[in-house]
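Notes follow the structure.
Lettering of chains follows the sequences in order, A, B, ..., and the numbering in each one begins at 1. In this text the structure is predicted, and so the values were computed from the model without any measurement.
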Amino acid sequence: MADQPKLFKVTIDNITVEVEAGTSILNAARMIGGDVAPPAMCYYSKLKGSGGKCRTCLVEVSAGSTADPRPMPKLVASCRTNVMDGMVVKNITSERVQDARKGVVELLLINHPLDCPICDQAGECHLQDLSYEHGAEGTRYEFPRRQFEKHNLGPYIQLHMTRCILCYRCVFTADQLTNKRVHGVLDRGDHAEIATYIEKALDNDFIGNVIDVCPVGALTDKTFRFKNRVWFLKPVDAHRNCPKCSGKVTLWHRGDEVFRVTGRKDQWGEVQDWICNDCRFEKKKTSDWVIDGPTKVSRHSVISANHYVDTVKPHEALPEVMGGRQPRLLMNIHSVSEVNKPTIDLSKIQGPAHSGDFKKGE
Amino acid sequence: MGRKLLLEKAHVPGIRSYDVYRREGGYRSVEKALKTMSPDQVTEEVKKSGLRGRGGAGFPAGMKWSFLAKPEGVPRYLVCNADESEPGTFKDRYLMEFIPHLLVEGLIVASYALGSNRTFIYIRGEYAWIVDILEQAIAEAKNNGWLGKNILGSGFDCEIYVQRGAGAYICGEETALIESLEGKRGNPRIKPPFPAVKGLWDCPTVVNNVETIAAVVPILNITGEEYAKIGVGKSTGTKLISACGNINKPGVFEIDMTISVEEFIYSEEYCGGIANGKRLKACIPGGSSVPILPANLLLKTAKGEARMMNYESLSDGGFATGTMMGSGGFIVLDEDQCVVRHTLTLARFYRHESCGQCSPCREGTGWMEKILKNIEYGKGKKSDIDLLWDIQRKIEGNTICPLGDAAAWPVAAAIRHFRDEFEWHVQYPNAAQNRNYGLAHYADPLPVAAAPKA
Ligand SMILES: Cc1cc2nc3c(=O)[nH]c(=O)nc-3n(C[C@H](O)[C@H](O)[C@H](O)COP(=O)(O)O)c2cc1C
Ligand code: SF4
Ligand code: SF4
Ligand code: FES
């Protein structure tokens, strides 16, 4: 047939798939799925021009194609390199890749504030997942971490520049979804920052999507700020008749209360549809929505845990994840806070702990 | 005395003006090309000359031109890279300042060969006064019929525009340059596509260094074959070297690539020897991005042969014992210079100039600078040296553009060849604050220096 798309055979980590010409290595690997899919912190399939920047998706091409089977000398960004017929790619089977990726993760973390305990993104943060899966136990960085002057982006969106990994996704989102982008990257190198020029507020019907595309907690929802941890919320898919967008969202509930609204995300953490600011920020009542059913959450996500039961206590788990080293005690939280008294067994508590629970334990 | 093709007339009084330049034989190559040759014949001539790009990478210019995509009805562009911001490199500045018409002449011929009707010179922002010089030369050329519509009745139209950069080294990288020229933030593009297919405004584009373009003039005048006879091997023609550091006669020299490094440093015709009667310790022969070499490896290759001032000989031995021709920024360090401090200076430069797009370069350059600062100021640890080695290794080859490599190489080479100087800084932090490590064994005959701990 004339309009049958041309198919290329590509082998990634010894698994062969057939994909259409013009497919990137990353997307071919995603078709195989599982560990074979390289981590991607900057590529976003719905954003034109995205990818190539974070370098977490580097892979080794051990044979360029059937026609030219020479290996590529350098590791390549799988998100921005297209497959060729007969290409052979190594991802998790390549020590070079593992080593380089570990380096990238270390570098992404050297200036990260590691403030997960107070970050709204914790639990659904791609940098957390990446570090857990590909990072080292400790850091070799011994210098003060980078800081920035604060910028106020208006009533809906909170910017924590210290957490930003400069993936440029939010910039592409604003460029491609809104008609007048007012934020972007200022300055360069390790002092580059996301900011609006002359403190303009981000204000556009679709600008809220920058929150969903941000892989880390650099852009978060101000209307949800510090309200709850994501793993205590129950995500459900819902929709409404929206004149501006598809109206297909995920509602994040606790009890009857809707704590936040986001786009529906697929298994790679990408939204299926962009949603408008009205749906995201203004429709926080269950009655605004028609519920479609529970959102599918990966079994491995803490969000699917939704409770503390059977969790391993930190002091038991820490040496294990830290390669045998003991954590350094910076401050004993119990000396300043009532929360998590050692006498309380958090693992016995269903759902989030309340001050009441602690009183009981005394 | 070596043959001069570019700077031969540079010091004729008044050569900056059109009348003198023309009287001295200027614009002959345009006449020859437009009246007697087809664009492809010009490209063929440049191919025959063996001319290699003078911007740093040394890619054969004629080959680059022949790769230019030529789809019907799509404009093509020639962009001249005059961003010259590599520490140690100041040859393009010299050429543009003294003999601007040579560049304009070369640009007309190259534009004809490539079919570029609008040609751009992207010039380093700090070269503000040269913009005026170039614009005057362009205006004179236009008034005399070398630019504009239907040049010399050939049917070929061409205009040249000068665009100033805004002070970023990264805008010398060809795709960042194109972005900047389009009015955007100067971030390098992810390749492919290459500029030859999708460059300026997504049209096929050739980016060439100032010196590369200027060399087209003598190539047409004396023919590619004659040009190829000058020099050795794949290092044909003449090369401008900007020499600086602890030498008696810093400046820009035109060499024909047949002389040895030793002759270049010590002969009266060129650098005139090390200043103040000091001894040579180390040298970066091709601009800040290329590996530094200790005196012994600089003057003799690992095989014990004299090292020559050409592409092949300078890179003889790979990175283990060799370096690169790069952009020809020849930086000489005498025995009083501290390699650690010097490496810190370069690391600071690359940290400051990284565009920040890709994580290894953005984060790694800053980290290396901080560690080097510690070592230089007596706060280093022995493990820092291996850490530095590991960081540069994680940057190199893993970034979008070669700036990442350019930041990694100087650090790698400094540790590879001067490891004991680094160790001395760590071991004797107080002494390192008061005096320098000195020449040590760096000029001793081979074999030398500890191999790197990978
Ligand atoms: C960080 C960086 C800076 C560069 N700066 C310059 C420059 O200032 N001038 C230049 O001619 N080439 C520079 N280059 C090389 C250009 O990318 C490009 O290879 C060159 O202009 C091609 O010209 P040529 O083939 O005539 O050498 C730079 C490359 C990099 C990676
Ligand atoms: S704010 Fe978030 S989305 Fe924007 S560049 Fe930073 S990490 Fe990426
Ligand atoms: S290597 Fe450095 S300068 Fe080049 S694109 Fe990456 S961050 Fe920018
Ligand atoms: S996902 Fe490919 S480089 Fe970031």
Assess whether a salt bridge exists between [X] and [Y], defined as any Lys/Arg side-chain N lying under 4.0 Å from an Asp/Glu carboxylate O.
X	Y	answer
Glu142(A)	Lys381(B)	yes
Arg140(A)	Glu106(A)	yes
Asp384(B)	Lys370(B)	no
Arg169(A)	Glu270(A)	no

Taking it one step at a time, do Glu193(A) and Arg146(A) satisfy salt bridge (charged side-chain N to carboxylate O under 4.0 Å, His left out)? CA-CA 11 Å; Glu193(A) 61 177 330; Arg146(A) 190 163 55 217; over 6 Å; no

Is the closest side-chain donor-acceptor distance between Ser78(A) and Tyr43(A) under 3.5 Å? no

I'd like to know if the side chain of Tyr168(A) pairs up with that of Asp175(A) as donor and acceptor (distance under 3.5 Å, no hydrogens or angles considered). no

Among [options], which has the most heavy-atom pairs under 4.5 Å with chain A?
options	value
Asn398(B), Asn374(B), Ile391(B), Ile395(B)	Asn398(B)
Thr365(B), Asp390(B), Ile190(B)	Ile190(B)
Gly186(B), Pro360(B), Gly366(B)	Pro360(B)
Arg362(B), Lys394(B), Arg351(B)	Arg362(B)
Arg189(B), Glu396(B), His352(B)	His352(B)

Under 4.5 Å, counting heavy-atom pairs only, tell me which of Arg188(A), Lys53(A), Lys74(A) racks up the most with chain B. Arg188(A)

Top of Thr81(A), Asn111(A), Leu166(A) for chain B proximity - count of heavy-atom pairs under 4.5 angstrom: Leu166(A)

So for [X], is it side chain, backbone, both, or neither that comes closer than 4.5 Å to the heavy atoms of chain B?
X	answer
Val76(A)	neither
Asp99(A)	both
Leu75(A)	both
Tyr141(A)	both
Leu58(A)	side chain
Leu109(A)	neither
Arg80(A)	side chain

Engaged part of Thr399(B) at the chain A interface, taking heavy atoms whose separation is under 4.5 Å: backbone

Chain A contact via Ile371(B) - side chain, backbone, both or neither, heavy atoms under 4.5 Å: both

Of all heavy-atom pairs between Gln357(B) and Asn187(B), which one has the smallest distance, and what is that distance? CG-ND2, 3.3 Å

Under the salt bridge (charged side-chain N to carboxylate O under 4.0 Å, His left out) rule, what do Lys191(B) and Glu174(B) come out as? Steps first, then yes or no, please. CA-CA 11 Å; Lys191(B) 293 181 256 189; Glu174(B) 55 185 9; 3.7 Å; yes

What's the spacing between Lys198(B) NZ and Ile178(B) CD1 if we round to 0.5 Å? 12.5 Å

